[in-house]
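Sequential numbering from 1 along the given sequence is applied to the chain's residues. FYI, side chains are in, hydrogens and waters are out, and symmetry mates aren't considered; it's all heavy atoms of this structure.
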Amino acid sequence: MAKQVEVYITDPVGLYARPVTKLVEIMKIFDCYVHLLYGDKDINMKSMMGLLSLGIPCKAHVTIIAEGKDEDHAIEALKDKIETMHLGQVLV
C-alpha cells in the first residue's frame with residue numbers, strides 16, 4: 001500500500017536547485033516509485049529537472065507519495081531531510 005506525506009513549503013525561496021538535488025539523491029537510493037503532486041502535476045521525485053520545472057514557491061502545499069517495497073523508509077528519509085534542511089513543515 002502506498003505511503004504519503006503532505007508538506008507545506010516554508011523556505012522563503014521555495015524548492016530551488018540545491019535542496020532539490022539533495023532530495024533527488026536520497027530518493028535514488030530507494031527502489032520504490034516516489035512522486036510529488038503539486039497542482040495538477042505529478043512528477044517523479046528522482047528527476048531533478050522534473051521537480052525544478054514545477055517552480056514550487058514558498059507557502060505551497062505538496063503531496064509526496066511512495067509506492068513499492070521500501071516506501072516506508074523512503075517517506076521517513078524524505079521527512080527527515082525536509083525538516084533538517086528547513087524546507088517545509090510535514091503536515092501528516
So, do Ile82 and Ile64 sit near enough that their side-chain heavy atoms are less than 4.5 Å apart?
-> yes
Indicate the atoms forming the closest heavy-atom contact of Met48 with Thr21, along with that distance.
-> SD-OG1, 3.2 Å
Non-hydrogen side-chain atoms of Ile75 and Val34 separated by less than 4.5 Å = no
Is Ile26 reachable from Tyr16 through a run of hydrophobic residues whose side-chain heavy atoms are each under 4.5 Å from the next?
-> no
Exam field: side chain Thr84 to backbone Lys81, donor-acceptor pair closer than 3.5 Å = yes
Under-4.0 Å salt bridge between Glu25 and Lys28 | no
Answer yes or no: is there a side-chain heavy-atom contact under 4.5 Å between Glu67 and Cys32?
-> no
So, for Ala74 and Ala66, which heavy atoms are closest and what is the spacing to 0.1 Å?
-> CB-CB, 4.4 Å
Can you find a heavy atom in the side chain of Leu87 that is under 4.5 Å from one in the side chain of Leu23?
-> yes
What distance do Asp70 atom CG and Phe30 atom CZ have between them, rounded to the nearest 0.5 Å?
-> 6.0 Å
Check the side chains of His35 and Asp42 for a donor-acceptor pair under 3.5 angstrom, ignoring hydrogens and angles.
-> yes
Side chains of Gln4 and Thr63: do they bring a donor and an acceptor to under 3.5 Å?
-> no
About how many Å separate CE of Met27 and NZ of Lys22, when rounded to the nearest 0.5 Å?
-> 14.0 Å
Any chain of hydrophobic side-chain contacts (each under 4.5 Å) joining Tyr33 to Leu54?
-> no
With a 4.5 Å heavy-atom cut-off, do Tyr38 and Ile43 have their side chains touching?
-> no
Determine whether Leu36 and Met85 fall in the same hydrophobic cluster, where Ile, Leu, Val, Met, Phe, Trp and Tyr are linked whenever their side-chain heavy atoms lie under 4.5 Å apart.
-> yes
Is there a side-chain contact between Leu15 and Ile9, using heavy atoms and a 4.5 Å cut-off?
-> yes
Report yes if some heavy atom in the side chain of His86 is under 4.5 Å from a heavy atom in the side chain of Asp11; otherwise report no.
-> no
Given side-chain contact (heavy atoms from CB on, under 4.5 Å), test Glu6 with Val62 step by step and report yes or no.
-> CA-CA 6 Å; Glu6 303 284 327; Val62 299; over 6 Å; no
Do Val90 and Leu78 touch side chain to side chain, with heavy atoms closer than 4.5 Å?
-> no
Applying the 4.5 Å side-chain criterion to the ILVMFWY set and letting contacts propagate, would Leu52 and Leu37 be lumped into a single cluster?
-> no
